[in-house]
Number of protein chains: 2
Amino acid sequence: MTTTSAGHPEGLPQLLREAGLRVTQPRVAVLGAVRAHPHADTDSLIAAARRDVPEVSHQAVYDVLGALTRSGLVRRIQPPGSVARYEARVGDNHHHVVCRSCGTIADVDCAVGHAPCLTASDDHGFTIDEAEVVYRGLCPTCAAAATA
Amino acid sequence: MTTTSAGHPEGLPQLLREAGLRVTQPRVAVLGAVRAHPHADTDSLIAAARRDVPEVSHQAVYDVLGALTRSGLVRRIQPPGSVARYEARVGDNHHHVVCRSCGTIADVDCAVGHAPCLTASDDHGFTIDEAEVVYRGLCPTCAAAATA
DNA sequence: TGTCGAATCTTGACTCGTTCCAGATACGGG
DNA sequence: CCCGTATCTGGAACGAGTCAAGATTCGACA
């Protein structure tokens, strides 16, 4: 066991290097954890990272997640009523569905094409450079449970 | 000063009653504060409410905000990297622009019409009943400051 | 390959927003 | 006007996330 998690055992260091980040055990472990567990919260990521590097401090994980977010390797999402979560799918413009009942998160592609979301009807003079869409509802499981 | 805040000194109690809530001084004060200060955070609302009712405990304000949110009189919004904020514009489908620099929030109407946001390209079986859109960018002031 | 400076990690304390609890108080139906 | 219950007060507790100081490790360069 204790495989280097994701499917690119050697690719992670390279990704880090290309992003201009030093390659350290904590960073490889955290990046692998995010890629292996999309939409995971910080606690889960700390636990997952410790499977590879048992000694990582929570502080290091927070720091790494901050660095990865800053360099664009991961994205931080923060659904209301939940703690911060991270995902490794970046670059493609996609959004999320959040289940009201169990909090599960799933990816959805942009509703109206590629990036029309960036067009607000009246932008109040703001220079808009990004739009995030969060859908709320019930996941299939919870919907079934509620109907039953 | 110490006016009853909003423009409907007598309307607030009625709004509360119609929502099935008891009319108390803290509730009137908090509801008035939310209507007078759109997008304000909890601390500001506590301060604003205390202008009318100096003795309100922070706990009461939290409780009132919860009750108002539950009955649909106010909406709770929680921009990433910021604390909870509340607004009294409910019922109309509108979204928000958040300034990356100063955190200012402004309202924007739905980009593509009325409620097309509810249509995700692939909903993964979710029963979607709401969509929230958050635009990110710079407000006119911060944009000017950044360019200068 | 060995050395050195700077970035990164460890440990532990701390802040801040929010929630929980128990007892006192006020609203409003009868 | 009175009573039962929803609501409010005051204070303590909680958890996610941040700050700070010192030890460690990466990797550029000789």
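We name chains A, B, ... by the order of the sequence lines, and we start the count at 1 in each one.
Taking only side-chain atoms of A:R22, from C-beta outward, the nucleotide of D:dA12, D:dC8, D:dT25 with the closest atom is D:dT25. Considering only the side chain of B:D63, D:dC8 comes nearest among D:dC8, D:dA6, D:dG11.
A nucleotide of DNA chain C counts as in contact with chain A when one of its atoms lies under 4.0 Å from a heavy atom; the first and last such, 5' to 3', are C:dG5 to C:dT11.
The distance from atom CD of B:E55 to atom P of D:dG10 is 7 Å, rounded to the nearest whole Å. A:R27 has its CZ atom 12 Å from the P atom of D:dC26, to the nearest Å. Residue B:H58 contributes atom NE2, which lies 11 Å from atom P of D:dA12 at whole-angstrom precision. Regarding A:Y62, its OH atom lies at a distance of 17 Å from the C1' atom of D:dA20, rounded to whole Å.
In the model, B:H96 has no side-chain atom that pairs as donor or acceptor with a side-chain atom of B:E132 under 3.5 Å. For the residue pair B:H58/B:D43, the side-chain donor-acceptor check at 3.5 Å is not satisfied. Inspection of the B:D107 and B:H95 side chains reveals no N or O donor paired with an N or O acceptor under 3.5 Å. With no hydrogens or angles considered, no side-chain donor-acceptor pair links A:H37 and A:E87 at under 3.5 Å.
Looking at which nucleotide of DNA chain C each of B:R76 and B:V23 is closest to, the 5′-most match is held by B:R76. Between B:Q59 and B:L21, the residue whose closest nucleotide on DNA chain D is further toward the 5' end is B:L21.
Between B:P80 and A:R76 the shortest side-chain heavy-atom distance does not fall below 4.5 Å.
Between A:T42 and D:dA16, a side-chain N or O to OP1/OP2 separation shorter than 4.0 Å is absent.
Between B:L138 and B:S101, the shortest heavy-atom contact is CD2-CB, 3.9 Å.
Using a 4.0 Å heavy-atom distance criterion, B:A84 is classed as a sugar-phosphate-only contact. Here B:Q25 lies out of heavy-atom contact (under 4.0 Å) with every strand. Backbone-only contact: B:T24 has heavy atoms under 4.0 Å from sugar-phosphate atoms and none from a base.
Atom OH in B:Y86 sits 10.5 Å away from atom CG in B:D41 (nearest 0.5 Å).
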